[in-house]
Visitor: 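Here it is, the structure, as structure tokens.
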Amino acid sequence: MSTHHAAKPGFLGRYVFSTDHKVIGLQYLITGVLMAFIGGYLAYVFRMQLAFPGNSIPGFGELVPQQYNTFVTMHGTIMIFWVAMPVLLAGFGNLLIPLMVGTEDMAFPTLNMLSYWVFFLSTVVLLGSFFVPGSAFAGGWTAYPPLSADGYVGTPFWDGLGGHLWILAVALEFVAFLMGGINFLVTTINMRAPGMKWRRMPIILWMLVIAVLTFVFAVGPLIAGAVMLLLDRTLHTGFYNPAAGGDPILFQHLFWFFGHPEVYVLLLPSLGIICEIISVFSRKPLFGYRAILYSTIVAGVLSFVVWAHHQFIAGIDPRMSSFFSITTIMISIPFAIVIFACIATLWRGSIRLTTPMLFALGAIAEFLIGGVTGIYLGSSALDIYAHDTYFVVAHFHYTLIPVVFFGGLAGIYFWFPKFVGRTTNELLGKVHFWLTTISFNCAFLPLFILGIAGQHRRVFDYSAFPSLMAGELTMLRQIATYAVIVMLAAQILFVVNVVISFLRGPKAENNPWQANTLEWSVASPPPHGNFDPYPAVYRGAYEYSAPGRSEDWWPQDAP
Amino acid sequence: MDTSDTMTHDVASIPAMSEVPRGRIAMWWLVASEIVIFGGAVCCYLMFRFRHPEWGALAAHTSTPMGALNTLVLLTSSLNMVLAHSAAERQDIRAACRNMIMAMLLGCVFLVVKAIEYTAEIRQGYTITADLFWSFYYLLTGLHALHVIAGVTAIFFVMLSASKRRHLHRVEMAGIYWHLVDIVWLFLFPLLYIAG
């Protein structure tokens, strides 16, 4: 088997069924970005329905209630599982881990390729489910029973084939990320270059490793729970059916035992990207490397005991609510430490406001709003009022959009020269940043106000609620919708920038940002096999502006 | 020990941080991910079990002797895998393959006994929808049976390559997985069969 690799692979072997971690990383990244446009289109359609109920939607047509439910469900599913996960964890993880630890590829390249193609299959299954009778799943991205578990006696809920396919697609995706995750762990544990001690690793590697560990340990119970849901749907068992002695709340526990750590699975790689970028463009060592590291570990552990804050109104014991309120508010402490460390890194730095730096700073600023409103919601007393309103919707978009889109775009702009070998246009990038930031805030700030005014989630048409049809509330919904359109349109600039730079951007140097980590010491794009000879590591990743050196950076592999 | 299983070129030149072969590390992480899957399912079962003391009477309808026989069968096959591993370390291909064939056969015996049990239970009307206890019984034992099938398949392929003196280190990996399958059963047997 191994001897055949010596032959030069053809087009298929090099770009499609490649075992090279860089190609696989780009495949994940590109798939995720394409899925983001589908998720964004779905958001456009249902935002138009909410702002202008009953009108025909340009570019879509008339939306019926069942379609609305499908679109909301699939928007959430796609954005979390098919955008955030492949871009932040699988995409950047694959691109960066072998280069940053200083080795030629992942520990198991074939398994890595398999991981992407299982993920690709899951994408096909998910998108295919739009075209089956009954269309795609419409029971919410959290798939709560009984809505998701049809066929209980006398309660025909959502019984389309799309529901089976949804579970299948998510299951395949979990398999793909488990394969990828084990690869990440083994590579980081076992394949670091000589001298790459744990304490010298770039912080993003720590964040990726802790994210993978969190994922691996959180996903198991949900896999069991998904099998039970599938049995409820197909064989009509009663795991979640109270009439048969089951309990629908059980699924909520299983889902959020995974679902909440999942938030940190997405947040950590993104924070890692932000830390790297802020240190490089402040020309200063990352402030408090160990504080960040320990905070991340603490957050990873705490993330397993906060899940029931999603269930304060599900009828759980009030004593349990107090416990989960306390843990939820506690988990903001480690993240506050990380954010303060980022801000302290900026302090008295020689800040360069490049496009990736703008996105990284934007991510921190916007994420603060998401984080602080999370503290409100963590208190069960307030959550009982705000739960299932747009306040919650605004809150989690203020956490996830900075993390996934701002963090992800920062990473893409930052590493584009390395992996494509060409430089992106700074002006286009900055316009893209400002348009995205302004429209993002205009789209989601109104939702906080609407939520406090009592606007519930998952309602197709507010015309039936006179109090919610007041002039200023209608106006806020329309402002939010217009802003979403601007935000989506702004991404055209990104696509144009990436395509033009890819085709005829200026050739990138090996180390255009004067950064320290190992990936910048090889050619852009790095050749197959990455290093020749293998590097040795002499110091940590953040030796910027070291006294007594003429250059203000000091690569990890420079003796 | 040979670790040059999946690498594309000269392995000796790749610096590695630890002496532990990467396959073994990966295997332990796989085991960890399996433990949380079964752990989740077993915890769900336990929470219901405490709420339903009457399930003790239903559990009496499972066949403890058959379960005990299967426990013995799986434990013996695990012993075979240990012997196969030590034979592979000694480069004793013949003994390694013989023991792996025994482990696979015993895995199949396990599945046959399980099938006989299922048939008897279904004949008596204890189907997967008969009661929540039986839903959990079929869920847990079914998931476990799938892992037995996966384990036998894995041992089969490891044995094929081992018989040609290739990838001998994989005997240990298959063994780690097979012990997991065994240990999961050691939890399921008392929980589903014995606890009255």
Side-chain angles (χ1 to χ4, degrees), chain A residues 1-2 5-6 19-20 101-105 107-111 178-179 181-183 185-194 196-197 212-213 216-225 227-228 231-232 235-239 241 244-247 250 253-254 257-258 528-529 533-536, chain B residues 3-11 13-45 47-49 51-52 54-55 58 127-140 142-143 146 161 166-167:
Chain A
M1 210 161 47
S2 49
H5 277 277
T19 54
D20 188 326
V101 301
T103 189
E104 55 156 22
D105 207 324
F108 306 101
T110 315
L111 187 69
L178 279 176
M179 292 194 279
I182 288 176
N183 236 329
L185 290 175
V186 178
T187 309
T188 319
I189 290 171
N190 219 20
M191 297 178 68
R192 282 168 289 134
M196 182 61 90
K197 297 173 184 157
V212 166
L213 286 177
V216 167
F217 288 118
V219 80
L222 182 61
I223 291 176
V227 173
M228 286 147 77
L231 289 174
D232 271 14
L235 299 179
H236 307 305
T237 51
F239 290 111
N241 182 4
D247 188 350
L250 172 65
H253 283 298
L254 294 173
F257 183 79
F258 164 75
H528 191 70
Y534 288 106
Chain B
T3 55
S4 62
D5 47 338
T6 53
M7 294 318 298
T8 51
H9 55 257
D10 189 16
V11 177
S13 64
I14 298 171
M17 280 310 262
S18 73
E19 297 297 310
V20 186
R22 62 181 76 153
R24 193 189 293 159
I25 301 178
M27 216 54 219
W28 281 111
W29 285 116
L30 178 70
V31 166
S33 75
E34 295 273 17
I35 286 173
V36 283
I37 296 176
F38 279 104
V42 166
C43 283
C44 292
Y45 168 72
M47 281 189 287
F48 277 100
R49 185 71 177 77
R51 249 193 264 170
H52 296 277
E54 74 276 12
W55 283 10
L58 295 173
T127 60
I128 190 166
T129 49
D131 186 276
L132 199 55
F133 169 77
W134 291 105
S135 301
F136 270 111
Y137 169 79
Y138 285 103
L139 171 78
L140 291 169
L143 269 181
L146 284 178
S161 56
R166 295 218 318 256
H167 308 309

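In what follows, chains carry the letters A, B, and so on, assigned in the order in which the sequence lines appear, proteins first and then strands, with residues in each chain numbered from 1.
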Visitor: With a 4.5 angstrom heavy-atom cut-off, is it the side chain or the backbone of B:F136 that approaches chain A, or both, or neither?
Guide: both
Visitor: Side chain, backbone, both or neither: which part of B:I35 has an atom under 4.5 Å from a heavy atom of chain A?
Guide: neither
Visitor: Out of curiosity, A:H236 NE2 to B:I128 CD1, how far, rounded to the nearest 0.5 Å?
Guide: 12.0 Å
Visitor: Heavy-atom distance under 4.5 Å to chain B: side chain of A:L222, backbone, both or neither?
Guide: neither
Visitor: Would you mind telling me which of B:G40, B:A41, B:C44 has the largest number of heavy-atom pairs within less than 4.5 Å of chain A?
Guide: B:C44
Visitor: Might you point out which heavy atoms bring B:R22 and A:F108 nearest each other, and give the distance in Å?
Guide: O-CZ, 3.6 Å
Visitor: To the nearest 0.5 Å, what is the distance between CZ on B:F38 and CD1 on A:I223?
Guide: 11.0 Å
Visitor: With a 4.5 Å cut-off on side-chain heavy atoms, are A:L250 and B:F48 touching?
Guide: yes
Visitor: With the side chain counted from C-beta on, respond yes when A:F239 and B:L139 share a heavy-atom pair under 4.5 Å apart, and no when they do not.
Guide: yes
Visitor: Checking A:L235 against chain B: side chain, backbone, both or neither under 4.5 Å from a heavy atom?
Guide: both
Visitor: Is there a side-chain contact between A:I189 and B:W29, using heavy atoms and a 4.5 Å cut-off?
Guide: yes
Visitor: Could you check which of B:T129, B:L143, B:L132 has the highest count of heavy-atom pairs closer than 4.5 Å to chain A?
Guide: B:L132
Visitor: Against chain B, work out which of A:L185, A:L254, A:V216 has the most heavy-atom pairs shorter than 4.5 Å and name it.
Guide: A:L185
Visitor: Please list, chain by chain and in numerical order, all residues satisfying side-chain hydrogen bond (donor to acceptor under 3.5 Å, both in side chains) with A:D247, sequence neighbours excluded.
Guide: B:R51
